[in-house]
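Residue numbers start from 1 in every chain, and the chains themselves are labelled A, B, ... in the order their sequence lines are given, proteins ahead of strands. Computed from a prediction, not measured in an experiment: that's the story for all the values here.
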Amino acid sequence: MLRLYNTLSKRLEPFTPLQADQVSMYACGPTVHDYAHIGNFRTFMFVDLLRRYLKFKGYKIRHVMNITDIDDKTIRKSQEQGIPLKEYTELYTRYFLEDLTTLGAELPEHIVPATENIPEMIDLIKRLEANGHTYVSEGSVYYRIASFAEYGKLSGAKLAGNVAGARVDVDEYDKEDARDFVLWKAAKEGEPFWETPYGRGRPGWHLECSAMAMKYLGESFDIHCGGVDLIFPHHENEIAQSEGATGRQFVRFWLHCEHLLVEGQKMSKSLGNYYTLRDLLKLGFSASAIRLLLLSVPYRKQLNFTLETLRGMETRVKKLSDFRRRLKGAPTVDSADTELLLAIAEARKAFEDALDEDLNTSAALAAVADFETSINRALAQGSLSLECKERALRLLSEFDAVFGVLALQSDETESLDEEILRLIEERTAAKAAKNYARADEIRRYLFERGIILEDTKTGVRWRRV
RNA sequence: GGCGGUGUAGCCAAGUGGUAAGGCCGAGGUCUGCAAAACCUCUAUUCGGCGGUUCGAAUCCGCCCGCCGCCUCCA
């Protein structure tokens, strides 16, 4: 039974979807003003793991992600660079989706830019207006949070006014209450705008998620996730907008991913610890190691990202990949091995139990490692039965259906060129003739060309460095 | 000022009352002509500090110290 921590109830709750076999989920996507950084990708990898695990549990998924392509940053940066807004945001949307794909994320069923759903947003404002939740000030439409009794139920934010010490948004003098938020922003000179019954303007940030989530998933749906920083005010405001319009529960499970730190510090450009995916790839790290690192710590814990750990993950991925290769090519014996069959079954149970408990990926990966050792032991003894081999391969692919790490590694069915094949044969012959000097010379030569030879009981094997 | 999280070996970390998972690094060994890979063994008497509760605490309580976050755009 899968249990998930619901920010709304602040408790672990057994997860069941509204529809027996299908999960509806919405995940807040990026604001496409720049390349996303690895902190962003931690959250997106968490969402990917969630959807993959829900599939593992047998559910079909209907998953929506928004693309915020109209806001202060996208407008400002596109203007600074003299590029039309749409062109600018389409470029960074493309980069973002490329990065997601590089990291092996399954793409959501619906990826929707905010600007393609303006009519839905206007309709939502109309419903809120009809229910008395809005007011107009200086050409903008605001949400009056005092009109929504349950405001604060997600974040625990109190309705009381500003507390001494809190930073105050000096720009918002035109609101009735400092915490009211804008639904529709009156157009400023030189900014993109839409013609609406509320005048020329553009949508407030929070509006798009409510409008688009309900458009694609209905007024009530199962899961909404994002980073912890979105709990307040973004998700709190989404609840106010959605439930204020429909009178129904908007989201059943709110899931929030903790932030990642780099070398124990908050990632920031001034500290020089700010990495995009592309920065790390340029440093020579693989997408699979980055993905594994981002998934290696349970999503509700802060993850301390270090390059040392990433190097370790690189080794880990190589070992796993090599393990798969050896397992696939392993010869089998006739005898049954009930003990190993039991170990395989236990590994699968440990894996599922770990993920059932609010997606404890650390514990799940420990189960994978234990499984790997059990099989390697049998492999080393040459005592793997056909049944064990088949079950082990099946389990390995189940593990990877969730973690998606090996899927990013080539299965290396590539072939070598003839000269190298000839050299390998020559070395085998030299070795048989006990001409070790020549054999080692060839091995060194191939190593310098990135090919490692391994002598095994069943003959020589090669692999890339 | 309000609210919240967290501190476990060189590094990343699981573990929320029953006597410290796992990974990476490191040391030794087995196998090998030598390697590589794999396997085996070792690597925190101890969980930020000090008190307390308990038969028993990394796990509960109190105080102190450190780090991170939300209250403003933010994954």
Looking across every strand, which nucleic acid part, if any, lies under 4.0 Å from [X] by heavy atom: base, sugar-phosphate, or nothing?
X	result
A:P30	nothing
A:E314	nothing
A:R311	nothing
A:D455	base
A:D370	sugar-phosphate

Rounded to the nearest angstrom, tell me the gap between atom [atom1] in [X] and atom [atom2] in [N].
X	N	atom1	atom2	answer
A:L303	B:G5	CG	C1'	15 Å
A:Y151	B:C71	OH	C1'	11 Å
A:L453	B:U32	CG	P	19 Å
A:D322	B:C39	CG	P	11 Å
A:L292	B:A13	CG	P	13 Å
A:R300	B:A14	CZ	P	12 Å

Candidates [options] - which lies nearest the side chain of [X]:
X	options	result
A:E258	B:A75, B:C73, B:G5	B:G5
A:K319	B:A75, B:C70, B:C25	B:C25
A:F232	B:A36, B:C71, B:G5	B:C71
A:R463	B:C39, B:A36, B:C71	B:A36
A:N376	B:A38, B:A75, B:C12	B:A38
A:A363	B:G33, B:A37, B:A14	B:A14

For [N], does the base pair up with any side-chain atom of [X] as donor and acceptor (N or O, under 3.5 Å, distance only)?
X	N	result
A:R377	B:C40	no
A:S362	B:A14	no
A:R42	B:A75	no
A:D440	B:G33	yes

Taking the ring centre of each residue, are A:F399 and A:F371 less than 6.0 Å apart?
yes

For this session: Verify the ring-centre separation between A:Y26 and A:F250: is it less than 6.0 angstrom?
Result: no

- [ ] Salt-bridge test for A:D455 and A:R427: reply yes if a basic N is under 4.0 Å from a carboxylate O, no otherwise.
- [x] yes

| message | Quick test of your reading of the model: are A:R311 and A:E308 salt-bridged, counting only N-O distances below 4.0 Å? | response | no

Requested in this report: Report the C-alpha distance between A:R326 and A:D322 in whole Å, list the side-chain angles of each, state the deciding distance to 0.1 Å, and finish with yes or no for salt bridge (Lys or Arg N to Asp or Glu O under 4.0 Å).
Outcome: CA-CA 6 Å; A:R326 267 182 288 114; A:D322 196 44; 3.4 Å; yes

Using Watson-Crick geometry (N1-N3 plus N6-O4 or O6-N4) or G-U wobble (N1-O2, O6-N3), each under 3.5 Å, B:U6 is paired with B:G66

Across every strand shown, the nucleotide meeting Watson-Crick or G-U wobble geometry with B:C55 (both distances under 3.5 Å) is B:G18

- Message: Can you classify the ring geometry of A:H110 versus A:Y216 as parallel (below 30°), tilted (30 to 60°) or perpendicular (above 60°)?
- Response: tilted

Q. Looking only at side-chain N and O atoms, does A:Q265 come under 4.0 Å of OP1 or OP2 in B:C68?
A. yes

